[in-house]
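All residue numbers in this chain count up from 1 along the given sequence. These numbers come from the heavy atoms of this one structure, side chains and all, not from hydrogens, waters or symmetry mates.
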Amino acid sequence: MKRLLLLSSLLITTILTFAKEPNWLTERASETAYIGVGAASMTEPAWEQKAAENALADLAQQLSVLIETNSFIAKVEMNDSDKEYFSQTTKVSAKNLLDGHEIVGSYKDKKTNTYFVCYQLNKQTYMLNKANRENEIAEAGYAYLADAQKAQNEGDLFRALTLYEKGLTAVEPWLFLNLRLTREGQQVDVPNELYRGYISVFDGIQLTVEPTQLTLNDESINQDIRVHLTQGGVGVANMPLVASFEEGSGVITEKRKTDESGYAYFRLTAITGKTTTALIRFTLAREVMSGISASYRRLLSTQNWPETFCRIELAQNTAKTAYLHNAGCDLSALMKQLTAILGNNHFTITPDPDEAEIFIEVKNTVDYVGVVAGEIYNLNESHVNLHMKFYDNNTQQLLYTYDIQQLRVLSPEKNSIDQTMAQCMRELMKRVQKELPKQLILTTK
C-alpha cells in the first residue's frame with residue numbers, strides 16, 4: 001500500500017511539473033543566448049513543425065534588426081515600398097545565421113489548445129556565424145565591385161552594369177549585416193559602393209559627331225558620319241547608337257555599335273523630300289535602358305541620355321519632273337496618293353508626258369482570296385499587288401522597279417465592297433509610305 005501511495009505521489013508530481021507554465025513563455029531575457037518562441041494551434045495539421053518554424057522565425061527577426069542602424073538600408077534613401085522589400089528579404093536570409101541553435105523546451109496549453117516551443121541560440125555562436133557570413137558575402141560582393149570598376153574604367157559600360165547587378169544580387173539578401181572590408185588601408189562599404197557605382201554607370205557620358213555640318217550635292221550624297229561616345233575622356237565600347245532625322249527625311253544607317261575606341265560610323269545615302277536641309281540626331285538606343293534588369297531598374301534615376309546633331313545642306317534641289325501613267329489600277333484613289341508621295345520626294349509631277357524626265361508606269365490589282373474565321377467575326381482576306389516601273393523618258397531605259405506582291409489585308413466580312421477597298425488602300429499606303437521614299441533617290445541620279 002505504501003509503495004502504491006508513493007507511485008501515485010510521483011505520478012501526480014510529474015503531471016503537475018509537466019503542466020506548469022515554463023518561464024521562457026513570458027520571460028525571454030538572457031545574457032548568454034537569444035530566445036525564440038513559436039506557437040501553433042493543435043487543431044492545425046503538423047502543428048509541432050509549424051510551431052518550430054515560428055520559433056526560428058522569431059529568432060531570425062531578432063537577429064535581422066540587431067545592427068540595422070549600421071546597415072546599407074539605413075544609409076541609402078529609399079521609398080517605403082523598397083525598404084519593405086529589402087526588410088522582407090533580410091528576414092528570410094537571417095535564418096541562415098541560426099546554425100547551432102538548441103531547443104529549450106515545449107509546452108502544451110490545454111486551455112487554449114496551443115502548442116509552444118522554445119529555441120535558443122548562444123550569442124557567441126551567433127557572433128561567430130555572423131562574422132563568417134559577413135566576411136564571405138563582403139568578399140563576394142567586393143570581387144564583383146572590383147571587376148565592375150575595372151570594366152567601367154575601360155569604357156565597357158554594359159559589362160560594368162552587369163557586374164554591378166551581380167554584386168548587388170549577391171549582397172541584397174544580407175543588407176542587415178556589416179558588409180565592410182579594408183582594402184589598401186581604406187574601409188570599403190561594399191553594398192554602398194556597388195549601389196553608387198550602379199546608379200552612376202552612365203554619368204558623364206558624352207556624344208560628339210564629325211562632321212557637325214555637311215554640304216552635299218546629288219553626286220556626293222554617300223557620306224560617312226563618325227560619332228564618338230566617351231566617359232571621362234575614355235571611349236565607351238560596344239554601346240548601340242541610333243540615328244534619326246530631327247528635321248527633313250532621308251536614308252541613313254539606323255543603328256551602329258561603338259568599337260573599342262568608342263566610335264560608330266553611320267552611312268548617309270539619301271536625303272529625301274524636296275527640302276534642301278536636314279538635321280540628323282544621334283543618341284543611345286532604347287535597348288540600353290530596356291536591357292537593364294527589372295530588379296534594379298527602379299533604383300536608377302531618370303537618365304538624360306546624351307545626344308549630338310549633324311546638319312545637312314544640299315547645294316541644289318535634285319527634284320526631277322515625272323509623269324505617272326495608269327496602266328490599270330483596281331484602287332481608284334491610288335494615283336492621287338502616289339502623286340502626293342512622289343511630289344514630296346524629289347519629283348515634280350507633270351500632266352504632260354513629253355515634259356517629263358522620268359516616266360512612271362503604275363499597275364495595281366486587288367485579289368479576293370476568301371473568308372477567314374476570326375475570334376469575334378469572320379474576315380474577308382484580300383491580296384493587294386502594286387508594280388511601279390521608272391523609265392528614263394529620253395532613252396526609255398528602265399531605271400528602277402518597285403513591287404509589292406500579295407500584301408495580305410483582312411476586313412470584316414460584313415463590310416461593303418467600298419469599305420473593303422478602302423481598307424486595302426490604307427494598308428497599301430502604309431507600306432508604300434514606309435518603303436518608297438527611301439528608294440526614290442536611286443531614280444534621281
**Study point:** Mutual orientation of the aromatic rings belonging to His228 and Tyr263 [parallel < 30°, tilted 30-60°, perpendicular > 60°]
**Key:** parallel
Exercise for review: Let me know which of Thr253, Leu216, Asp224 forms a side-chain contact (heavy atoms from CB on, under 4.5 Å) with Leu268.
Suggested key: Leu216
Study note, to complete from the structure: From the list Asp58, Leu59, Val37, side-chain contact (heavy atoms from CB on, under 4.5 Å) with Tyr119 holds only for Leu59
Taking atom types as modelled and ignoring hydrogens, do the side chains of [X] and [Y] form a donor-acceptor contact shorter than 3.5 angstrom?
X: Glu53; Y: Gln49; answer: yes
X: Tyr164; Y: Gln152; answer: yes
X: His387; Y: Asp403; answer: yes

Check your understanding: Any side-chain heavy-atom pair from Ile35 and Leu121 closer than 4.5 angstrom?
Key -> no
Check your understanding: Which atom names give the shortest non-hydrogen contact between Pro306 and Gln206, and what distance separates them?
Key -> CB-CA, 4.2 Å
I'd like to know if [X] and [Y] make a salt bridge, using a cut-off of under 4.0 Å between side-chain N and carboxylate O.
X: Glu31; Y: Lys123; value: no
X: Glu154; Y: Lys150; value: yes
X: Glu139; Y: Arg183; value: yes

Point to revise | Ring centers of Tyr126, Tyr34 separated by less than 6.0 Å | key: yes
Check your understanding: What about Phe282 and Phe309, are their ring centers closer than 6.0 Å?
Key -> no
Exercise for review: Mind checking side-chain hydrogen bond (donor to acceptor under 3.5 Å, both in side chains) for Thr114 and listing every partner two or more places apart, or none if nothing turns up?
Suggested key: Thr112
Exercise for review: Please identify each residue that fulfils side-chain hydrogen bond (donor to acceptor under 3.5 Å, both in side chains) with Thr43, with sequence neighbours left out.
Suggested key: Ser41
**Study point:** Ser382 side, atom OG; Arg408 side, atom CZ - distance, nearest 0.5 Å
**Key:** 10.5 Å
